[in-house]
Amino acid sequence: MEKESIAVGLDIGTTKIVAMIGRKNEYGKLEILGIGKSKSLGVKRGVVDNITQTIQSIQQAVQEAETNSGYKIKDVVVGIAGQHIRSIQHSDYISRSNAEEVIGDKDIDLLINQVHKLAMLPGEEIIHVLPQEFKIDGQSEIKEPIGMCGGRLESSFHVVVGQASSIRNVGRCIQSSGIELSGLTLEPLASADAVLSQEEKEAGVALIDIGGGTTDLAIFKDGIIRHTAVIPFGGNVITDDIKEGCSIIEKQAELLKVKFGSAWPGENKDNEIVSIPGLRGREPKEISLKNLSKIIHARVVEIIEQVFVEIKAYGHEDPRRKLIAGIVLTGGGAQLNHIKQLVEYITGMDTRIGYPNEHLAGDSDEEISSPLYATAVGLVMNSIENNTQSAVRIGFSAPEKVNVYRAPVEHIQEIEEPEKQEEEVKIPVGESTETKIRKSFFDKYVDKIKDFLDNAE
């Protein structure tokens, strides 16, 4: 019997941490075997700010996923986000000594390694180097240069950059939770894999993932990633506004937002009132749904306008860069009533809500098909691409509890920069250039993080 490949994704968000175990079924669809989620306590705006609390939250989510599935998790693919993420456009080239020789993997790797030598701001490190289009001896718009001939190989790149310390803190949390880190993926790219079709990526589309702490943007055109951005606002600031505006506690504000919230104030009548129980025997508080919607509307408009600034920065008004497929909204914030209509009104672009159900097996739980789990589903898909055995069958006995690691404070603060190593990576022929480059870089990057963590013990 052929060994089944089990994949695991770990979405470390600001409001929740989700561990998802899945595999491909005989129809090529994703079958979710188990899911575990916990309240995220040590993460703020996508960045770990309390290692001990984050480890505990990760362990809770992992143990729940293991109990639900009957599999023991060995390693995970993790999503990276946070306000420290930025992206830049960069072009580079190499001159080849023999123009008659066929372009191969070595030439591509040489070009990629050259991009990795880019001077970054202090403490920053390159996360992704994503090729867009190649040019060979002046011939432009080449998507797959391998097998062609030429003296000058040139490419434009989308380079995603983040704070090295933030990335390594995530690695430390995972290793201290008793599991290994098998891969890193920028969260908007994972969400895009889960909710966008290839036709949308070709036509031009902007994916907006509204999470608890951040709102992530990924723009695709001609099947290629063109722009990414992370806006440091999400659903949590809407909850905070409701809490302050209505003078209620956070738990009540979140409940109000989810049950009665709307991004469009005109939908509520003046006489629609919700009664909130008072604290410690105090009188109940009456809140107008129209006022609630006005508070939500003001903040959502601010978030969407910031995202729209990024879409304009990409240059969507240029006819050649037009996003024909418009906008796809996903993440927990996409479940807010009338947000689709508000985004269409602000941007003038066609909008739909993105559900990850296109890639899921038909008998999947309805909850998993929610936009809330788009990133987690995308991370499991990414783990399947890596072709690793990320979990092993343990029957249905509850997994043993992992001891909580408590990192000494001085250990966290005095993290040294790992040395940049360059090494040649053998790539199997036949993969697309984008997949190949993503894998070759991540293999190196994950190895660097592992080496750093091992040496820091």
Side-chain angles (χ1 to χ4, degrees), residues 12-18 37-50 52-54 56-57 60 81-83 208-216 230-309 329-343 345-346 353 370-372:
I12 303 176
T14 305
T15 48
K16 68 179 187 327
I17 290 178
V18 178
K37 57 182 187 288
S38 64
K39 190 170 171 59
S40 182
L41 298 171
V43 182
K44 192 174 182 184
R45 290 189 176 169
V47 178
V48 173
D49 69 350
N50 185 317
T52 306
Q53 284 185 329
T54 305
Q56 288 171 340
S57 295
Q60 196 181 327
Q83 57 193 36
I208 303 174
D209 185 344
I210 307 171
T214 60
T215 298
D216 305 335
V230 178
I231 287 99
F233 299 109
N236 285 2
V237 289
I238 301 171
T239 305
D240 286 344
D241 286 355
I242 297 168
K243 185 178 80 172
E244 299 299 327
C246 300
S247 302
I248 54 177
I249 61 172
E250 192 171 337
K251 194 176 175 184
Q252 293 172 334
E254 181 66 25
L255 216 58
L256 264 182
K257 180 183 78 175
V258 172
K259 284 200 164 187
F260 303 103
S262 167
W264 202 267
E267 291 296 315
N268 297 112
K269 297 182 176 70
D270 291 328
N271 61 353
E272 286 181 305
I273 304 285
V274 173
S275 183
I276 302 282
L279 297 175
R280 286 269 177 170
R282 292 178 178 85
E283 289 292 307
K285 193 178 281 281
E286 291 193 339
I287 290 162
S288 156
L289 289 190
K290 198 170 189 86
N291 286 343
L292 177 68
S293 292
K294 282 179 180 174
I295 293 168
I296 294 170
H297 175 81
R299 182 60 81 175
V300 174
V301 166
E302 189 185 344
I303 293 169
I304 298 305
E305 281 178 346
Q306 285 204 37
V307 175
F308 198 36
V309 165
L329 291 172
T330 194
Q335 296 174 300
L336 191 61
N337 287 335
H338 306 109
I339 193 164
K340 171 184 174 295
Q341 291 87 330
L342 181 61
V343 172
Y345 177 76
I346 292 171
I353 306 295
S370 158
L372 203 65

Can you tell me how far [atom2] of [Y] sits from [atom1] of [X], rounded to the nearest 0.5 angstrom?
{"X": "H297", "Y": "I339", "atom1": "NE2", "atom2": "CD1", "value": "11.5 Å"}
{"X": "L329", "Y": "I210", "atom1": "CG", "atom2": "CD1", "value": "5.0 Å"}
{"X": "I296", "Y": "T239", "atom1": "CD1", "atom2": "OG1", "value": "8.5 Å"}
{"X": "K39", "Y": "Q53", "atom1": "NZ", "atom2": "CD", "value": "11.0 Å"}
{"X": "D240", "Y": "E254", "atom1": "CG", "atom2": "CD", "value": "10.0 Å"}

Among V237, L336, I295, whose side chain to side chain contact (heavy atoms under 4.5 Å, CB included) with V300 holds? L336
Among V47, D209, V230, find the one that has a side chain to side chain contact (heavy atoms under 4.5 Å, CB included) with T214.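 Exactly one candidate clears the test, V230.
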Only counting residues at least two apart or in another chain, list the ones meeting salt bridge (Lys or Arg N to Asp or Glu O under 4.0 Å) with E302.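 Here the qualifying residues are R299.
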Applying side chain to side chain contact (heavy atoms under 4.5 Å, CB included) to S288 and I273, what does each step give before you reach the verdict? CA-CA 5 Å; S288 156; I273 304 285; 4.1 Å; yes
Donor-acceptor pair, side chain of [X] and main chain of [Y], under 3.5 angstrom:
{"X": "S38", "Y": "S57", "value": "yes"}
{"X": "Q252", "Y": "P277", "value": "yes"}
{"X": "T14", "Y": "G212", "value": "no"}

Look at atom CD of E250 and say whether more than 12 heavy atoms of other residues, nucleotides or ligands are closer to it than 6.0 Å.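 Open: at most 12 neighbouring heavy atoms sit under 6.0 Å from CD of E250.
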Going by ring-ring contact (aromatic ring centres under 6.0 Å, His included), name the pairs with one or both residues in residues 237-295, residues two or more places apart or in two chains. W264-Y345
